[in-house]
**Student:** 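Just passing along the structure, written as structure tokens.
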Amino acid sequence: MGQEGPHQKPNQLWLLYMICLVEGADIQLLPSCFRALEADIGLSLKQLSMLGLCQALAMSIATPCVGILIDSGTSAKQTLFCGTAAWAII
């Protein structure tokens, strides 16, 4: 039950590729909507750049924290699942 078959790792790798694809699209979503946010909501360029900065800072803070958790012995699978679940809720 704890052993992985020869085809399980490639499937996990493709799942990871798909997650990274969605994450990359998510990162590009905010900058691609700047013009619409500016026109519809009336945000200034300064406010829009602050949104981009906050997104980058959140990623810069979260990434080392996840690395520290995994390096300290927390299950990588559990950590990634909890992060993905939290991302889906937010």
**Student:** Check which hydrophobic residues are tied to Leu16 through side-chain heavy-atom contacts below 4.5 Å, counting indirect links as well, and list them.
**Tutor:** none

**Student:** For the CG atom of Leu45 and the CD atom of Glu38, what is their distance to the nearest 0.5 Å?
**Tutor:** 5.0 Å

**Student:** From Lys77 NZ over to Cys82 SG, what is the distance, rounded to the nearest 0.5 angstrom?
**Tutor:** 13.0 Å

**Student:** Per the ring pair (Phe, Tyr, Trp, His ring centres under 6.0 Å) rule, what does the pair list look like for residues 31-51, sequence neighbours excluded?
**Tutor:** none

**Student:** Below 3.5 Å, can you tabulate the donor-acceptor pairs from side chains in residues 17-33 to any protein atom, sequence neighbours excluded?
**Tutor:**
{"unit_1": "Asp26", "atom_1": "OD2", "unit_2": "Trp87", "atom_2": "NE1", "d": "3.4"}
{"unit_1": "Ser32", "atom_1": "OG", "unit_2": "Gln28", "atom_2": "O", "d": "3.2"}
{"unit_1": "Ser32", "atom_1": "OG", "unit_2": "Leu29", "atom_2": "O", "d": "2.8"}

**Student:** To the nearest 0.5 Å, what is the distance between CG on Leu53 and NZ on Lys46?
**Tutor:** 12.0 Å

**Student:** Name all residues meeting the side-chain contact (heavy atoms from CB on, under 4.5 Å) criterion together with Ser49; count only those two or more places apart in sequence or in a different chain, and write none if there are none.
**Tutor:** none

**Student:** Are Leu15 and Leu80 connected into the same hydrophobic cluster when the rule is that any two of I, L, V, M, F, W, Y join if their side-chain heavy atoms are below 4.5 Å apart?
**Tutor:** no

**Student:** Taking only residues two or more places apart in sequence, or in another chain, which ones meet Ile41 in a side-chain contact (heavy atoms from CB on, under 4.5 Å)?
**Tutor:** Leu37, Leu43

**Student:** Testing the basics here: between Pro64 and Met59, what is the closest heavy-atom pair and its distance to 0.1 Å?
**Tutor:** CD-O, 4.5 Å

**Student:** What is the distance from atom CD1 of Ile68 to atom OG1 of Thr74, rounded to the nearest 0.5 Å?
**Tutor:** 11.0 Å

**Student:** Would you please name every residue forming a side-chain contact (heavy atoms from CB on, under 4.5 Å) with Thr63, sequence neighbours left out?
**Tutor:** none

**Student:** Has the side chain of Gln47 got a donor or acceptor atom that lies under 3.5 Å from a matching backbone atom of Ser44?
**Tutor:** yes

